[in-house]
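A short worksheet on the structure shown next.
Any value given below was found using the heavy atoms of this structure, including those in side chains, with hydrogens, waters and symmetry copies removed.
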Amino acid sequence: MKLVSRDVSGKDGAGTVVLRPEEPEDMWAIYNLISEGDLVRTTTFRKVVKESATGSTTSNKIRLNLTIQVQRMQFDPDTCVLRLSGPNREESEHVKMGAYHTLDLELQRNFTIQKTCWDTVVLDRLDDACDPVKQAEVAAIVMQSGLANICLLTGSMTLVRQRIDMPIPKKRAGNVAHDKAIQKFYRAVYEAVTRHINFSLVKAVLLASPGFVNSDFFAFLNSEAQLKEDKPLLQNKSKFVLCHSSSGHKHALEEVLTQPGIQARLADTKAVGEVQALGDFFAMLSAQPDRAHYGFNHVQVAAEHDAVETLLMSDSIFRGRDFLARRRYVDLVEGVKAKGGRFLCFSSLHVTGEKLHQLGGVAAILRFPLEIEMEEEDLPLEEAGGVGLGAGGVGGNGAAIKVDHGAAAGQENLTGSEGGGKPEEGTEAEETAWAGGDVGVSDAEGMGL
């Protein structure tokens, strides 16, 4: 994606950005940049009906520039088509103010996004989206007998470019139908590989399957490439990495990317970095639960104690309608970064992002153990049908904290609970930890109201 122009105020973050999508995958990046309430201006078609003096009507489509206030977004990950709907917010000869219109963003055509506040999270995503290096980093062929998924793993999403599903007869003595069906299946996968994988861009091609399906197909691939003198494929044979998966379905990619050998081969790709970070979180959650927390309220309390080492968040939570809720998420990210923590934004179209979303979209690995106990009314409202911020406010008004900086930090444990007694002679930090109601802040305080 090309950044044509950028005019963002350094004072309040208001301003406009002009972009030009160059690849279908750019539409996913744009989908994550635009929020409800933003103004988007681009060229579009509109059906205009004119009535003559005699009462007869004529209609024709004209091309014009429209500015709408986004109220609804629709993104199709299979076709990479993005549609924006909302009322017109600029006077036009053919479209009344407030009239609803749907914009289809087109490749190689400029469009303008106007926001009241370009926060740091959105600006970081904008810089990443306009980085020319952000192309498909890894290709993957996940297959089993009769089923194959040809996938491209970009820096922000997993694209299934083609799914091949063919019936394979059982193998019986004297029956050649099985061998013919396998050859037909392999040939279809071969054609999909040559059609969808650009070997000049990808760093590796993962060929994963249960059993020996991948090795059999790789042998077929080599013989077929030599037969057809397919130079691009023959010159890039070294990019193929054979690995094991439990099935040929897309979700098997997660287990493939967690294999140490694969991670070493793809060490500099974003997809593997996210897999590694999420794997570290679950390993920490199993080994030291007090150093791995998830849910906004728990992570916010940990951030208030400067305990967050790695913050994991799903990009879906930044697309919410509530500006105040979004502001709290951005404040959390900025606070963690200011204290030297690492922030990773997971794509909801990656298998890792789907798994993180099941945890509420927010998780953190801590520098030191921190036990956080939340009252029932302070728990996130994820059960209510989404990623919630909790009824009790940021951190919760009744949170009880136990901080254990460990022997390496050389500090005593700070312990507090709702029912426990107040320490006789404690430090200011211990007094804060004991006073459960003072650990968090109320809703009004957390939002700066």
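You'll find the side chain of Ile68 stays beyond 4.5 Å of the side chain of Ser85, heavy atoms only. Contact of the Met143 side chain with the Asn149 side chain is not registered, since no non-hydrogen atoms from C-beta on lie closer than 4.5 Å. Taking the side chain as every heavy atom from C-beta outward, Gln108 and Pro21 never approach each other to under 4.5 Å. Looking at heavy atoms from C-beta onward, Lys339 lies out of side-chain contact with Val308 at the 4.5 angstrom threshold. Counting heavy atoms from C-beta on, the side chains of His357 and Phe346 never come closer than 4.5 Å. Residues Leu33 and Val122 form a side-chain contact, since some pair of their non-hydrogen atoms from C-beta on lies under 4.5 Å apart. A heavy-atom distance below 4.5 Å is found between the side chains of Leu221 and Phe240. At least one side-chain heavy atom of Leu359 sits less than 4.5 Å from a side-chain heavy atom of Phe281.
Screening Thr120, Leu311, Thr310 against Phe343 for a side chain to side chain contact (heavy atoms under 4.5 Å, CB included) leaves a single residue, Leu311. With Thr67 as the fixed residue, the side chain to side chain donor-acceptor pair (under 3.5 Å) test singles out one of Gln114, Arg41, His101, Arg89: Arg41.
Glu255 and Ser245 share no donor-acceptor pair across their side chains, judged by distance under 3.5 Å alone. Thr16 and Asp7 form no side-chain donor-acceptor contact under 3.5 Å, judged by distance and modelled atom types alone.
Closest approach of Leu107 and Met27 over heavy atoms only: CD2-CE, 3.9 Å. Of all non-hydrogen atoms in Thr102 and Thr44, the two that sit nearest each other are O-OG1, 4.2 Å. In terms of heavy-atom proximity, Val256 sits nearest to Cys243 at CG1-SG, 3.5 Å. Nearest heavy atom pair, residue Leu153 against residue Ala140, reads CD1-CB, 4.1 Å. Between Met284 and Ile365, the closest heavy-atom pair is CE-CG2, 4.2 Å. The nearest pair of heavy atoms linking Asn214 to Leu207 is ND2-O, 3.3 Å.
Within the model, atoms CZ of Phe111 and CG of Leu84 stand 8.0 Å from one another, a figure rounded to the nearest 0.5 Å. The NZ atom of Lys115 lies 6.5 Å from the CD1 atom of Ile113; values are rounded to the nearest 0.5 Å.
Take Phe220 and apply the ring-ring contact (aromatic ring centres under 6.0 Å, His included) test, not counting sequence neighbours, and it matches Tyr186.
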| request: Given side chain to side chain donor-acceptor pair (under 3.5 Å), test Gln144 with Ser209 step by step and report yes or no. | output: CA-CA 6 Å; Gln144 63 188 48; Ser209 76; over 6 Å; no

| request: Any chance you could lay out the side chain to side chain donor-acceptor pair (under 3.5 Å) test for Arg195 and Gln162, step after step, and finish with the verdict? | output: CA-CA 10 Å; Arg195 187 184 307 116; Gln162 187 172 345; 2.9 Å; yes

| field | Audit row: Arg367, Asp306, salt bridge (Lys or Arg N to Asp or Glu O under 4.0 Å) steps and yes/no | value | CA-CA 8 Å; Arg367 296 186 174 96; Asp306 301 338; over 6 Å; no

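In terms of modelled atom types and a separation under 3.5 Å, the side chain of His298 and the main chain of Glu371 share no donor-acceptor contact. A donor-acceptor pair under 3.5 Å is absent between the side-chain atoms of Thr42 and the main chain of Leu105, judged by distance alone. The backbone N or O of Gly15 sits less than 3.5 Å from a side-chain atom of Trp118, completing a donor-acceptor pair. The closest donor-acceptor contact from the side chain of Asp127 to the backbone of Asp124 lies at 3.5 Å or more, if one exists at all.
Classification of Arg342 and Glu309 as a salt-bridged pair fails, no side-chain N sitting under 4.0 Å from a carboxylate O. Under 4.0 Å is where a charged nitrogen must lie from a carboxylate oxygen, and between Asp26 and Lys2 no such pair does. Using a 4.0 Å cut-off between charged nitrogen and carboxylate oxygen, Asp104 and Arg109 do not count as a salt-bridge pair.
The distance between the ring centers of Phe185 and Phe217 does not fall below 6.0 angstrom.
Stacking of Lys355 on the aromatic ring of Phe282 is recorded, both the 6.0 Å distance cut-off and the 45° axial limit being met.
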